[in-house]
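This report concerns only the one structure given below.
Each chain gets a letter, A, B and so on, in the order the sequences are listed, and its residues count up from 1.
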Amino acid sequence: MLLTLHRTIKTQLQAAVKKSFEIELALADITAEYPPKTELGDLAFPIAFEIAKRLKAATGTKQNPRQLADKLRSELQAIDGVARIETAGAGYINFFLDRGRVFNTVFNAEKSLKLDEITGGKLIVEHTSINPNKAAHIGHLRNAVLGDTIVRMLQASGETVETHNYIDNTGVQVTDVVVGFKYIENKTLTDIEAITERFDYYCWDLYAQVGKFYEENPDNKKLRAQTLHEIEQGEGETALIAEHVSNRILKAHLDTMWRLGIAYDVLPRESDVLHLNFWQTAFEKLKEQGGIYFETEGKNKGCWVMRAEDKTETPAEDETESQYEADKILVRSNGTVTYTGKDIAYHLWKLGQLGLDFHYRPFYTYSNGKPVWITTAKEATENGKDLGFGNGVAYFNVIDVGQSYPQAYVKLGVKLLSTDDRIDRSAHLAYEKVVLTPASAKELGYELSEADSKRTQVSMSGRKGLGVKADDLIDKLEEKVFAKVNSDDRYSEVSLAERKDISHRIAVSALRYFLLKYTRSSVIAFDFEEAQAFEGETGAYLLYAVVRGNSIFRKLREQGKSTEVNLTSEEINNLLSLKENSGWDGDYLWGLIYFASRLPDSLRLSISSLEPTHLAKYSYHLASSFSNFYNKNAYKLIEQKDNTRYQLLVALVGYVRCQLEQALRILTGVEPVEKM
RNA sequence: GCGCCCAUAGCUCAGUUGGAUAGAGCAACGGCCUUCUAAGCCGUAGGUCUGUGGUUCGAAUCCACAUGGGCGUACCA
């Protein structure tokens with residue numbers, strides 16, 4: 001309804017502009033804003049400034065925007081749903097909405113966040129994609145939480161989403177751990193299978209040892225090359241060890257992420273991209289298309305390369321060596337394909353432009369019964385092919401900013417072979433790293449080099465075993481919350497299992513919100529205190545606001561009071577413009593309702609910018625407004641004797657609570673707890 | 001060299017794509033438990049938006065240059 005109203009107002013303004021100034025404005029050129037204060041109205045249009053600019057360009061004389069605004073104002077007809085129109089400031093035209101009408105509409109409307117500008121086709125979101133060779137750390141959590149929140153945002157808006165977690169099971173990282181098992185620990189597959197301690201933690205330590213192993217003796221690096229080759233061949237004990245390690249670590253990762261409510265639909269594996277000849281197919285297509293080149297001279301002699309976007313022509317002879325640097329090698333001179341090459345093939349498959357498919361088998365089942373499928377190179381008895389994975393109308397890759405360069409070439413490569421615009425809708429969602437402060441690194445017990453101690457931040461490094469393990473952090477947070485829950489009288493009647501569950505949900509909302517409150521481009525300098533906070537701007541606060549809203553309704557039910565609402569627009573209008581010494585302030589209440597109604601706007605903004613922070617900040621702001629309302633005596637429902645006021649407050653609390661709960665689900669994946 | 005990102009309150013960060021008086025949290029100080037749950041609320045204090053120019057009705061936001069940080073630019077992934 002609000003959307004329709006916006007459109008009606010813009011159309012009116014458009015007509016007024018044409019009539020008064022003979023200027024044709026597109027609806028898209030008319031921007032609406034929310035005024036900074038309720039007294040200034042509900043919608044503001046800085047359109048007079050735009051007109052002044054255009055008039056000056058056309059006639060050369062300056063115009064006073066305020067006078068132009070007054071002129072436009074006088075041309076506007078009465079609009080259904082608009083109470084009054086004013087000009088203000090240097091030239092704003094401000095609209096005051098019919099509060100009763102708006103409130104009745106949003107209160108009675110379906111409480112879904114479906115947006116009308118969705119793509120409609122299947123969107124593929126790839127996130128997490130951790131090398132399956134060691135435990136997940138806090139940086140991986142940032143990736144997964146960002147990705148999962150984007151999945152939830154898109155789903156809430158009405159999109160169909162498929163979630164991928166790409167498994168690089170044949171890369172150097174898995175290889176290194178295999179080297180560790182075979183050549184440092186001299187273990188066989190049977191020995192490794194018999195390891196009973198936490199496997200992802202075991203490999204975390206082993207991986208750090210392998211780094212030292214290579215440093216001690218450069219010859220040891222030859223073992224890596226040899227092992228990598230054996231793994232790529234896919235035969236023999238070495239390949240079986242790699243398979244065991246990557247599968248077992250992968251399961252550990254799925255467990256870790258599931259603790260935060262993060263799940264995947266399908267796990268495409270690099271080994272299957274290789275064995276099913278995805279690359280060969282893509283390679284033939286690329287050669288046929290002519291977008292890649294075989295270098296016969298220069299430093300890339302013998303390689304197949306792709307040119308940078310702005311120079312697809314063969315460079316002239318006088319161009320310097322440095323300009324060649326931008327070319328990306330897809331096939332090495334020894335004939336093997338690079339990661340970028342493989343990724344182009346994989347992304348062609350994602351967008352249904354390769355003409356090949358994986359085989360699939362079930363790999364894992366979440367505690368709620370939802371299965372996760374994994375790709376295989378062989379026909380499986382329980383094949384998931386009919387599930388129709390891949391073939392999306394766009395992909396979104398949540399990958400750290402460090403990989404922007406190869407990601408740009410993946411997009412370029414796919415675009416060469418694209419038959420439609422789905423690649424243009426696709427995007428690499430780059431995000432910055434989570435780093436440690438020297439202080440937090442020391443707190444973890446790491447000895448820093450002199451150079452590192454002087455830095456403001458220290459990168460986490462699996463190779464050095466330096467980092468905060470995801471499960472350790474979640475454990476710590478849960479313990480911290482549990483300690484508080486246990487010492488609080490409010491939970492005295494609550495069972496132990498329930499207290500654990502409540503602690504878990506609070507911890508998850510706190511941790512996820514912590515990772516979402518930064519913009520993607522902001523480096524997070526990890527701080528134990530901040531990451532484990534549950535006061536102030538945190539996920540726990542958001543959850544608390546929802547719980548308070550729920551408890552109002554629980555109290556009303558316990559007291560046998562009705563929660564039926566049946567008010568006319570006139571009654572609502574009266575209450576929302578009333579101001580009394582008792583503390584009742586209609587403007588204030590209207591401000592809260594109107595702000596709560598903007599959740600879809602916030603979601604739209606977060607989706608269009610692929611930036612969950614906007615939704616997180618909005619949600620916190622709404623929770624904060626609700627808490628302020630909650631503390632005002634004039635609005636206590638329990639004590640409200642006047643029936644119309646009671647109904648209005650019931651409707652208001654119900655509406656705000658519902659908006660907050662939807663936001664909470666998207667951001668944290670958590671269902672509200674009973675008590676907090 | 002080239003390219004990308006960042007610089008806003010003591011600290012950590014937002015700032016709706018150029019709009020009205022630059023906002024939060026933490027930390028500090030003062031007040032509020034006779035609770036629709038104090039994991040909360042209210043108040044006070046805190047700013048040369050890194051610097052210098054430019055664009056215009058208007059700039060934290062756009063442009064140029066400068067300074068200081070981070071990252072990328074592999075026949076690694």
Side-chain angles (χ1 to χ4, degrees), chain A residues 31 33-37 40 44 46 48-49 52-53 56 62-66 88-92 94 131 168 171-173 270 299-303 305 320 322-323 325-326 329-334 336 338-340 342-343 400-406 430 432-433 435 455-457 459 481 484-485 488 490 506 510 517-519 521-525 527 529-530 533-538 540-541 543-545 547-549 551-556 558-559 598 601-602 604-606 608-609 613-614 616-618 620-621 624 627-628 630-632 635-640 649 653 675-676:
Chain A
T31 51
E33 295 166 7
Y34 295 112
K37 290 194 162 190
L40 292 168
F49 301 116
K53 191 180 288 177
K56 193 195 166 196
K62 281 191 185 180
Q63 304 272 351
N64 182 341
R66 181 61 188 261
Y92 288 93
N94 294 340
N131 277 301
D168 184 2
V172 285
Q173 294 223 22
E270 182 177 82
K299 65 171 189 170
N300 291 340
K301 186 178 177 184
C303 300
V305 305
T320 61
S322 66
Q323 284 169 290
E325 278 181 13
I329 292 167
L330 300 185
V331 180
R332 302 180 187 105
S333 55
N334 68 4
T336 56
T338 62
Y339 164 82
T340 309
K342 281 180 274 191
D343 230 25
D400 80 271
V401 67
Q403 299 206 38
S404 299
Y405 182 73
E432 271 290 356
K433 294 186 299 184
V435 301
R455 288 164 164 261
T456 52
Q457 45 186 247
S459 288
V481 177
K484 183 174 169 64
V485 165
D488 194 319
R490 278 180 266 175
I506 295 170
K517 69 185 220 186
Y518 301 88
T519 48
S521 60
S522 169
V523 177
I524 299 180
D527 180 280
E529 288 301 314
E530 260 180 85
F534 38 78
E535 283 169 14
E537 191 197 337
T538 65
Y541 180 93
L543 181 56
Y544 192 57
V547 172
R548 281 177 146 182
S551 68
I552 291 175
F553 281 98
R554 192 182 57 237
K555 269 276 175 15
L556 293 180
E558 281 169 12
Q559 300 193 359
R598 291 187 224 160
D601 292 328
S602 177
R604 183 181 294 110
L605 176 65
S606 265
S608 64
S609 56
T613 301
H614 295 133
K617 295 279 177 189
Y618 166 85
Y620 169 71
H621 190 9
S624 174
S627 292
N628 177 277
Y630 181 89
N631 273 276
K632 288 189 193 289
Y635 310 127
K636 299 234 151 133
L637 262 161
I638 294 286
E639 291 159 22
Q640 188 53 253
L649 292 174
V653 171
K675 282 188 179 178
M676 239 182 116

Range-with-range stems of RNA chain B (Watson-Crick or G-U pairs under 3.5 Å, three or more in a row):
B:1-5 with B:69-73, B:10-13 with B:23-26, B:28-32 with B:40-44, B:50-54 with B:62-66
P atom, B:G47 versus B:C65: distance in rounded Å?
32 Å
d(A:Arg66 CZ, A:Phe49 CZ) to nearest 0.5 Å is 9.5 Å
Are A:Ser459 and A:Lys433 close enough that a side-chain donor and a side-chain acceptor fall under 3.5 Å?
yes
At 4.0 Å (heavy atoms only), tell me whether A:Leu556 reaches a base, stays on the sugar-phosphate, or touches nothing.
nothing
Tell me, yes or no, whether the heavy-atom count around A:Gln559 atom CD, taken from other residues, nucleotides or ligands under 6.0 Å, exceeds 12.
yes
Produce the list of close N/O pairs, under 3.5 Å, pairing protein atoms with atoms of nucleotides 25-33 of chain B; give distances to one decimal.
none

Residues in salt bridge (Lys or Arg N to Asp or Glu O under 4.0 Å) contact with A:Glu432, at least two apart in sequence or another chain:
none
Give me syn or anti for B:U17, where syn covers glycosidic angles within 90 degrees of 0.
syn
Which residue, A:Ile524 or A:Ser459, contacts RNA chain B at a nucleotide closer to its 5' end, judged by nearest heavy atom?
A:Ile524
Contact class for A:Val547 (heavy atom, under 4.0 Å): base, sugar-phosphate, or nothing?
base
If you check the A:Phe534 side chain, which of B:A39, B:C36, B:G15 turns out closest?
B:A39
Under the side chain to side chain donor-acceptor pair (under 3.5 Å) test, residues paired with A:Lys675 that sit two or more places apart:
none
At what distance, to the nearest 0.5 angstrom, does CG of A:Asn131 lie from CD of A:Glu270?
9.0 Å
Atom pair CZ (A:Arg554) and CZ (A:Arg548), whose distance is rounded to the nearest 0.5 Å:
13.0 Å
Within less than 4.0 Å of OP1 or OP2 of B:C36, is there a side-chain N or O belonging to A:Lys555?
no
Assert: residue with more 5' nearest nucleotide on RNA chain B, out of A:Pro36 and A:Arg548, is A:Pro36
Counting only side-chain heavy atoms from C-beta out, which of B:G15, B:U17, B:C36 sits nearest to A:Ile638?
B:C36
Select base, sugar-phosphate, or nothing to describe what A:Val401 touches, counting heavy atoms under 4.0 Å on all strands.
nothing
Which is true for A:Tyr630 with a 4.0 Å heavy-atom rule: it touches a base, it touches only sugar-phosphate, or it touches nothing?
base
Just to verify, what does A:Tyr541 make a ring-ring contact (aromatic ring centres under 6.0 Å, His included) with, not counting sequence neighbours?
A:Tyr620
With C1' as the reference atom in both, quote the distance from B:U67 to B:C6 in angstrom, rounded to an integer.
14 Å
Taking any heavy-atom pair under 4.0 Å as a contact, classify A:Val485: base, sugar-phosphate, or nothing.
base
Is the base of B:C33 syn or anti, if syn means a glycosidic angle within 90° of 0?
syn
By ring-ring contact (aromatic ring centres under 6.0 Å, His included), A:Tyr635 pairs with (sequence neighbours left out) A:Trp584, A:Tyr588, A:Phe629
Rounded to whole angstrom, note down the C1' distance from B:G18 over to B:C62.
8 Å
Using the P atom on both, measure B:U61 against B:G15 and round to a whole Å.
14 Å
Between protein and nucleotides 75-77 of chain B, what N or O pairs are separated by less than 3.5 Å?
unit_1 : atom_1 : unit_2   : atom_2 : d
B:C75  : O3'    : A:Arg332 : NE     : 3.1
B:C75  : O2     : A:Ser333 : N      : 3.1
B:C75  : O2     : A:Ser333 : OG     : 3.0
B:C75  : N3     : A:Ser333 : OG     : 2.6
B:C75  : N4     : A:Lys301 : O      : 3.2
B:C76  : OP2    : A:Arg332 : NE     : 2.7
B:C76  : OP2    : A:Arg332 : NH2    : 3.1
B:C76  : O3'    : A:Arg332 : NH2    : 3.3
B:A77  : OP1    : A:Arg332 : NH2    : 2.6
B:A77  : OP2    : A:Arg332 : NH2    : 3.3
B:A77  : OP2    : A:Tyr339 : N      : 3.2
B:A77  : O3'    : A:Asp168 : OD2    : 2.7
B:A77  : O2'    : A:Asp168 : OD2    : 3.4

Please classify the nucleic acid contact of A:Asn94 as base, sugar-phosphate, or nothing, using heavy-atom distances under 4.0 Å.
base
Whole-Å distance separating the CG atom of A:Asn628 from the P atom of B:G23
17 Å
Results of side chain to side chain donor-acceptor pair (under 3.5 Å) for A:Ser521 - residues two or more places apart only
none
Side chain of A:Lys433 only, heavy atoms from C-beta on: which candidate in B:C13, B:C71, B:A39 is closest?
B:C71
Distance under 6.0 Å and angle within 45° of ring axis: A:Arg598 vs A:Tyr618:
no
ring-ring contact (aromatic ring centres under 6.0 Å, His included) with A:Phe534: which residues, sequence neighbours excluded?
none
Set out, line by line, the N/O atom pairs under 3.5 Å between protein and nucleotides 55-63 of chain B.
unit_1 : atom_1 : unit_2  : atom_2 : d
B:C57  : OP2    : A:Lys56 : NZ     : 3.0
B:G58  : O6     : A:Lys53 : NZ     : 3.3

From the candidates B:G40, B:G70, B:A39, the one with an atom nearest any side-chain atom of A:Gln457 is B:G70
Looking at NZ of A:Lys484 and CD1 of A:Ile506, how far apart are the two atoms once the value is rounded to the nearest 0.5 Å?
9.0 Å
Nearest of B:A14, B:C36, B:C41 to any side-chain atom of A:Asn631?
B:C41
Once side chain to side chain donor-acceptor pair (under 3.5 Å) is applied, do any residues pair with A:Arg604, and if so which ones, sequence neighbours excluded?
A:Glu117, A:Asp601
What integer number of Å spans the C1' atoms of B:A77 and B:G10?
41 Å
Students often get this wrong, so: under 4.0 angstrom with heavy atoms, is A:Ala430 touching a base, only sugar-phosphate, or nothing?
nothing
Using atom P of each nucleotide, how far apart are B:U50 and B:A59 to the nearest Å?
15 Å
Could you give the distance from NZ (A:Lys37) to CG (A:Asn94), rounded to the nearest 0.5 Å?
14.0 Å
Roughly how far apart, to the nearest Å, are B:U12 and B:G46 at atom C1'?
15 Å
Can you check the distance between B:C42 and B:G3, where both ends of the measurement are the P atom (answer in whole Å)?
49 Å
So A:Ser521, base contact, sugar-phosphate only, or nothing? Heavy-atom distance under 4.0 Å.
sugar-phosphate
Residues passing the ring-ring contact (aromatic ring centres under 6.0 Å, His included) test with A:Tyr339, sequence neighbours excluded, are none
Over all strands shown, is A:Thr336 touching base, sugar-phosphate only, or nothing at heavy-atom distances under 4.0 angstrom?
nothing
